[in-house]
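The residues of the chain are indexed from 1 along the displayed sequence. As the structure lists them, so they are numbered: ligands from 1, and atoms in each ligand from 1.
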Amino acid sequence: MCFGCNARLNRGENQLCTVCRNQLPLTEYNFNDENAVDRIFYGRINITKANSFLFFTQNGIVKNLIHHLKYKNQQQIGTLLGDWHGQLIADTKFIDQIDFVIPVPLHPKKQKRRGYNQVSEFGKQLALHLNATFYENALIKTANTKTQTKKGRIGRWQQNRSLYILENSKKLENKKILLVDDVITTGATMEICSQTLSQAKGINIYITSMAVVPLD
Ligand SMILES: [Zn+2]
């Protein structure tokens, strides 16, 4: 079955049918030109550059893919997306040599329930293509609450400040890191994770995700 449209797969097709594969809405944002993902973070956090692999729309292939990845134990979707996006990033060469690829973490309890962090396979593939080290537990989520999105930015930041801690801030000093998540919507999660990572002196943060909700 195709994870994008539920059609039966033909021989030689893997996870996605040829139609869905050709219709995947690639953003084609690289780490060179200014793009809509950068603009989400302007004035909020000090990051070097951001991009996303796909556009996330409510109905469609990407939504189905992420749903299967997150809730249906289909971790290989993360591998597929990471392999594809990693190749694109590596080919364009618009990124500095990355030391660590770091996933946005789940709370340990939630991860135990799900059995995996849905961002991990994606991150591992990116690390492979970028000759970087995948650093799974660099960030640790300490409170099992949803990221607040209703409050104003300042209030939200203060409230979420202690949601994440660093496993070892010394290890991240003066390092170039790529922070990865599944879907960027308001950017609130990336913002608070980046703030936490910035506790490491001289850190340089790039951001990417499987998908971004397009802004009007
Ligand atoms: Zn399909």
Quiz item: Taking the six-membered ring for Trp, is the centroid-to-centroid distance between Phe100 and Tyr135 below 6.0 Å?
Solution: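 Ring centroids of Phe100 and Tyr135 are less than 6.0 Å from each other.
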
Practice problem: For the Zn ion (ligand 1), report each protein N, O or S atom nearer than 2.8 Å, sorted by chain and then by residue number. | Solution: Cys2 SG, Cys5 SG, Cys17 SG, Cys20 SG

Self-check item: Donor on one side chain, acceptor on other, Ser52 and Ser209, under 3.5 Å
Solution: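 Checked: Ser52/Ser209 side chains pair up, N/O donor to acceptor below 3.5 Å.
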
Practice problem: Applying side-chain hydrogen bond (donor to acceptor under 3.5 Å, both in side chains), name anything that partners Thr57, two or more places apart in sequence or on another chain. | Solution: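 Thr57 satisfies side-chain hydrogen bond (donor to acceptor under 3.5 Å, both in side chains) with no residue once adjacent residues are dropped.
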
Practice problem: Name all pairs fulfilling the ring-ring contact (aromatic ring centres under 6.0 Å, His included) condition that reach into residues 172-191, sequence neighbours left out, sorted by first residue then second. | Solution: none

Quiz item: How are the rings of Phe122 and His85 set to each other: parallel, tilted or perpendicular (split at 30° and 60°)?
Solution: parallel

N/O donor to acceptor pairs below 3.5 angstrom from side-chain atoms of residues 125-134, sequence neighbours left out:
unit_1, atom_1, unit_2, atom_2, d
His129, NE2, Asp83, O, 3.2
His129, NE2, Asp83, OD1, 2.7

